[in-house]
Amino acid sequence: MTTVEITRFRVPAERADDLLAARPAMLRDFQADRAGFLGARLIRLAADEWLDIVFWGSSEDYAESRRRGANRPGIQTFFSLIDSVLSTEEGTTTDVVGA
């Protein structure tokens with residue numbers, strides 16, 4: 001099973017393009033700095049809301065990432081564009097993608 005971080009947040013429409021432009025650098029920083037980072041999906045919802053689904057090798061990997069916070073420039077830039085975090089949850093996968 002894989003640990004999944006699910007974060008729902010709000011970004012004003014006028015910063016949406018900046019958020020998308022900042023995403024690749026954030027993902028590169030996660031790849032370089034976060035043990036257990038497996039990948040992520042960003043989903044645009046209605047009303048300036050977004051859903052970020054991040055996959056981790058373990059709950060411990062996710063906890064360590066939270067402890068590190070925005071410790072690299074690409075992560076800082078992406079996080080700075082978020083107006084408010086609406087919710088954050090942790091779960092585990094129960095199936096295999098593509099099966």
Side-chain angles (χ1 to χ4, degrees):
M1 287 191 273
T2 300
T3 297
V4 181
E5 168 191 1
I6 304 164
T7 305
R8 187 178 191 123
F9 58 90
R10 186 170 285 126
V11 173
E14 63 270 12
R15 289 200 309 247
D17 288 342
D18 294 335
L19 183 82
L20 293 172
R23 183 71 170 183
M26 187 211 73
L27 294 174
R28 282 191 301 273
D29 280 354
F30 266 46
Q31 189 68 43
D33 187 62
R34 303 294 205 262
F37 172 70
L38 302 175
R41 300 292 299 208
L42 184 62
I43 301 164
R44 191 176 201 162
L45 304 169
D48 298 335
E49 291 185 12
W50 298 76
L51 190 64
D52 201 358
I53 303 171
V54 183
F55 300 92
W56 298 99
S58 69
S59 185
E60 293 79 17
D61 294 333
Y62 170 50
E64 176 61 17
S65 177
R66 287 183 58 90
R67 187 193 67 73
R68 289 179 184 223
N71 66 330
R72 296 183 61 121
I75 300 168
Q76 285 177 350
T77 299
F78 185 85
F79 286 2
S80 74
L81 295 164
I82 295 172
D83 190 49
S84 59
V85 173
L86 304 174
S87 65
T88 301
E89 296 183 60
E90 178 180 347
T92 56
T93 59
T94 59
D95 58 359
V96 178
V97 175

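Not measured: the values here are computed from a predicted model. Below, all heavy atoms of this structure are taken into account, side chains as well, without hydrogens, waters or symmetry copies.
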**Q** Mind checking whether Arg28 and Gln31 have side chains closer than 4.5 Å, heavy atoms only?
**A** no
**Q** Please examine the side chains of Arg34 and Ile75, heavy atoms only from C-beta on, and report whether any two atoms are closer than 4.5 Å.
**A**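 Of all side-chain heavy-atom pairs linking Arg34 with Ile75, at least one is under 4.5 Å.
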**Q** Considering all heavy atoms of both residues, which atom of Asp83 and which atom of Pro12 are nearest to each other, and what is their separation?
**A**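 Smallest interatomic distance, heavy atoms only, reads CB-CD, 3.6 Å.
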**Q** I need the Ser84 OG to Glu49 CD distance, nearest 0.5 Å.
**A** 8.0 Å
**Q** Are any non-hydrogen side-chain atoms of Arg41 and Phe55 less than 4.5 angstrom apart?
**A** yes
**Q** Main chain of Ile6, side chain of Glu89: is a donor-acceptor contact present, judged purely on distance under 3.5 Å?
**A**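 Here the side-chain-to-backbone pair does not exist.
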**Q** Do the side chains of Glu5 and Glu90 get nearer than 4.5 Å, heavy atoms only?
**A**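 SC-SC contact between Glu90 and Glu5 ruled out.
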**Q** Would Tyr62 and Leu42 show up in the same hydrophobic cluster when neighbours are defined by side-chain heavy atoms closer than 4.5 Å?
**A**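 Yes.
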**Q** Before you tell me yes or no, could you show the steps for Leu86 and Arg10 under side-chain contact (heavy atoms from CB on, under 4.5 Å), namely the whole-Å CA-CA distance, both residues' side-chain angles and the distance that decides it to 0.1 Å?
**A** CA-CA 7 Å; Leu86 304 174; Arg10 186 170 285 126; 3.6 Å; yes
**Q** Looking at Arg68 and Asp33, would you say the former's side chain and the latter's main chain have a donor-acceptor pair under 3.5 Å?
**A**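 Yes; at least one donor-acceptor contact below 3.5 Å.
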**Q** If you look at every heavy atom in Ala22 and Leu81, which pair is closest and at what distance?
**A**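 Looks like CB-CD1, 4.0 Å.
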**Q** Are Asp61 and Leu38 packed together at the side-chain level, in the sense that at least one heavy-atom pair is separated by less than 4.5 angstrom?
**A** no
**Q** What pair of heavy atoms forms the shortest contact from Trp50 to Ala16, and how long is it?
**A** CZ2-CB, 3.9 Å
**Q** Same cluster for Leu45 and Ile53 if Ile/Leu/Val/Met/Phe/Trp/Tyr side chains link at under 4.5 Å?
**A** yes
**Q** For the residue pair Ile82 and Val11, what are the closest heavy atoms and their distance?
**A**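 Minimum heavy-atom separation between Ile82 and Val11: CA-CG2, 4.0 Å.
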**Q** With side chains defined as the heavy atoms from C-beta onward, is the minimum distance between Phe9 and Thr88 less than 4.5 Å?
**A** no
**Q** Quick one: does Val4's side chain get under 4.5 Å of Trp56's, heavy atoms only?
**A**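 No, their side chains stay 4.5 Å or more apart.
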**Q** Can Arg23 and Asp52 be counted as an ion pair, charged N to O under 4.0 angstrom?
**A** yes
**Q** CG/Asp18 to CZ/Phe78 distance, rounded to the nearest 0.5 angstrom?
**A** 11.5 Å
**Q** Taking the side chain as everything from C-beta on, heavy atoms only, tell me whether Val54 gets closer than 4.5 Å to Thr7.
**A** no
